[in-house]
Protein chains: 2
Amino acid sequence: MVAESQQNPARRPTMTDVAERAGVSLKTVSRVVNGVQTVDADMASRVQQAAEDLGYRPNFAAAVLRSGSSTATIGLLTKDLRNEFYATIAGAVADVARANGFQLITSYSGENAEEELEAVQDLCRRRVDGLLIVPTSGDHAGLQKEMDLGTPMVFLDRRPEGLAADAVVLDNFAGARAGTGLLLDEGHTRIGILIDTLKMPTMSERLDGVRQAYADRGLPFDESLVVHNVATPEKAARRMDAILAADHAPTAFFCGNNRSGVGALRALWAHGRTEPLVCFDDFHLSDLMPRPLTVVSYDNYALGALGAELLFRRIRGEDFDPETVVLPTALSRRGTTTNIAPANEPTGGIQ
Amino acid sequence: MVAESQQNPARRPTMTDVAERAGVSLKTVSRVVNGVQTVDADMASRVQQAAEDLGYRPNFAAAVLRSGSSTATIGLLTKDLRNEFYATIAGAVADVARANGFQLITSYSGENAEEELEAVQDLCRRRVDGLLIVPTSGDHAGLQKEMDLGTPMVFLDRRPEGLAADAVVLDNFAGARAGTGLLLDEGHTRIGILIDTLKMPTMSERLDGVRQAYADRGLPFDESLVVHNVATPEKAARRMDAILAADHAPTAFFCGNNRSGVGALRALWAHGRTEPLVCFDDFHLSDLMPRPLTVVSYDNYALGALGAELLFRRIRGEDFDPETVVLPTALSRRGTTTNIAPANEPTGGIQ
DNA sequence: ATGAAAGCGCTAACAT
DNA sequence: ATGTTAGCGCTTTCAT
């Protein structure tokens with residue numbers, strides 16, 4: 001009798017198999033498995049025994065298909081989980097998803113609008129209940145259709161473009177304005193600005209904040225002090241090497257994100273330079289950096305958590321106008337407060 | 001005619017709807033949507049137009065159900081994505097999944113064997129094609145059944161217990177032995193050992209490595225120098241405060257992981273102490289720490305990537321005996337090489 | 001090349 | 001309290 005279930009080792013037992021083995025109807029098995037309706041105790045235990053014997057595992061997708069219920073799944077599109085900024089967001093989203101009994105699919109947002117749209121469509125085919133997107137592309141108009149078709153979306157870190165959707169973003173303008181203002185108020189007027197590509201609205205908002213800080217004080221802003229396309233710490237360090245070696249170098253630096261900030265800090269440290277540094281984004285262990293710096297900090301975890309909460313309101317069917325939450329920033333002193341020159345004597349024979 | 005599709009705004013259009021609108025059979029739509037078989041060009045474009053008009057999106061789960069094909073999904077169970085160690089693994093797994101055209105569900109491995117089993121079962125109900133597990137619990141025997149039922153699993157960072165499954169782990173013993181040996185060879189004999197709970201086999205392997213380093217040199221090991229249950233940097237720092245204040249304090253420290261290592265480093269730094277520190281696990285920006293330290297480093301990304309590769313071999317149906325990959329460790333000097341005492345003068349009026 | 005019928009594993013809506 | 005029938009959206013026969 002049991003042999004039948006072994007005719008094809010790859011086939012999983014179904015409710016029908018369990019029903020046969022327990023000598024009850026399919027529906028009775030369904031009731032027992034879902035444990036919702038009252039079933040005769042004897043029957044129930046027979047069913048449970050049969051399910052156990054056969055190694056029955058409910059097919060969630062089949063239940064969803066028939067009942068029209070939700071997949072209890074949300075998707076998160078990000079660029080790179082190894083990056084602290086995205087990892088914190090993913091952790092926050094995972095926490096909120098778990099609290100709601102949802103599973104989380106983490107996917108890649110791609111390099112451009114087409115890749116992003118493809119990723120979104122894949123997740124829509126899988127009928128996720130909602131999507132959180134940390135966009136890398138510029139244009140999101142293509143996503144409007146997917147939203148209209150019933151997949152709510154919330155944007156993180158960047159406002160949606162060409163699309164009316166919820167978003168949780170940072171106050172990039174105010175943060176950069178305050179950070180630059182700090183340096184200006186210390187008497188610096190030639191501030192080197194390191195930013196990633198201006199194609200990212202976050203970056204141009206931050207640069208606007210820098211300009212505003214100058215304007216606030218009636219000071220002229222020298223656009224030639226802006227260094228563009230600094231995408232990695234390595235690039236930042238290399239650019240800094242050149243800048244620091246040049247005549248009439250800036251007397252202070254503002255970095256548009258933590259990647260350029262870390263690179264700049266490394267270069268300043270390596271050259272034993274003490275020019276003050278302000279960096280948008282805090283980062284892990286920044287308080288232990290071997291020289292002072294100031295960071296434009298914010299609640300990275302909240303960025304993800306608030307976005308996820310917003311998404312779940314949509315998933316629950318709440319109807320409200322697209323909402324944009326703007327998270328405030330703060331200036332925080334980081335690094336050790338002693339300025340020390342790096343020593344060069346090796347401490348041991350290890351690599 | 002179009003009105004019908006709007007009778008229920010929440011209902012997504014199906015292949016049948018598209019077929020009706022295009023005036024073709026259901027099967028023709030299927031052929032067009034899947035783009036596999038040859039279809040008359042006119043018909044095909046009519047179908048595509050109808051699908052476009054209606055906003056048709058294939059139901060992936062329905063296709064999987066009927067065809068018996070794979071869900072093209074793997075699951076990753078970890079504790080906390082915000083932790084650099086897990087985030088790097090997740091990033092690696094995400095990369096491999098994407099290269100294989102799979103989606104990745106990141107789930108929580110829970111605090112104990114029951115939670116872990118529940119999470120696994122949930123993912124099995126969703127018919128993931130395989131599972132990567134960074135276990136937190138001690139006993140994995142409960143998972144054997146799920147493997148037998150057809151869900152391959154690969155364990156990361158910890159060997160499976162009571163279960164024959166693939167794994168990718170670190171050479172904890174050798175790493176700790178070498179790290180401790182370094183300190184012993186510098187003449188230290190009283191080494192303070194900070195470890196997380198010994199319930200984690202990784203930790204007891206590392207402690208065994210410490211003991212072995214003493215044994216290698218014919219030196220006695222004083223078990224009273226082992227500080228247990230140091231789970232967070234904060235705890236580590238607090239324990240260190242007490243240890244450093246006591247008489248006859250250790251003259252060097254070995255930390256079982258990066259959390260305790262960072263905490264110990266903070267405490268040593270705060271007290272201006274120069275006792276050498278060796279820490280299992282490298283961490284981001286460790287090279288810029290304001291005092292020297294040595295880390296037991298390894299390829300964190302490879303841990304995840306190799307595990308995922310192994311899993312995909314199983315998913316492809318390759319049959320081989322359970323395999324355990326042991327990743328080597330190396331000693332690496334980190335931190336700035338200048339030892340400096342922290343200054344206390346605040347640098348500005350900011351928080 | 002196209003279509004009709006059956007059915008994947010499950011639940012809803014009815015019986016009884 | 002239990003069983004029967006139909007059908008979720010799709011693909012797989014098997015006709016034509």
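Values below: all heavy atoms of this structure, side chains included; hydrogens, waters and symmetry mates excluded. Reminder, nothing fancy here: chain letters follow the sequence lines and each chain counts from 1.
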**OP:** Answer yes when B:D17 and B:R11 have at least one side-chain N-carboxylate O distance shorter than 4.0 Å, and no when they do not.
**Re:** yes
Original post:
Are B:R46 and B:D42 ion-paired here, with the side-chain N under 4.0 Å from a carboxylate O?
Top reply: no
Original post:
How does protein contact run along nucleotides 9-16 of chain C, one letter per nucleotide 5' to 3', with B for base contact, S for sugar-phosphate only, - for none, heavy atoms under 4.0 Å?
Top reply: BBBB----
Subject >> Contacts of type salt bridge (charged side-chain N to carboxylate O under 4.0 Å, His left out), residue A:R82, not counting sequence neighbours >> reply: none
**OP:** Would you please name every residue forming a salt bridge (charged side-chain N to carboxylate O under 4.0 Å, His left out) with A:K145, sequence neighbours left out?
**Re:** B:E52
Original post:
Once you round to the nearest 0.5 Å, how far does CZ of B:R314 lie from CG of B:D319?
Top reply: 7.0 Å
Original post:
Which residues pass the side chain to side chain contact (heavy atoms under 4.5 Å, CB included) test with A:S67, sequence neighbours left out?
Top reply: A:S69
**OP:** Would you please name every residue forming a side chain to side chain contact (heavy atoms under 4.5 Å, CB included) with B:D53, sequence neighbours left out?
**Re:** B:R21, B:Q49
Original post:
Bend angle of the helix from C:dA1-D:dT16 to C:dT16-D:dA1 from five-pair axes at both ends, rounded to 10°?
Top reply: 40°
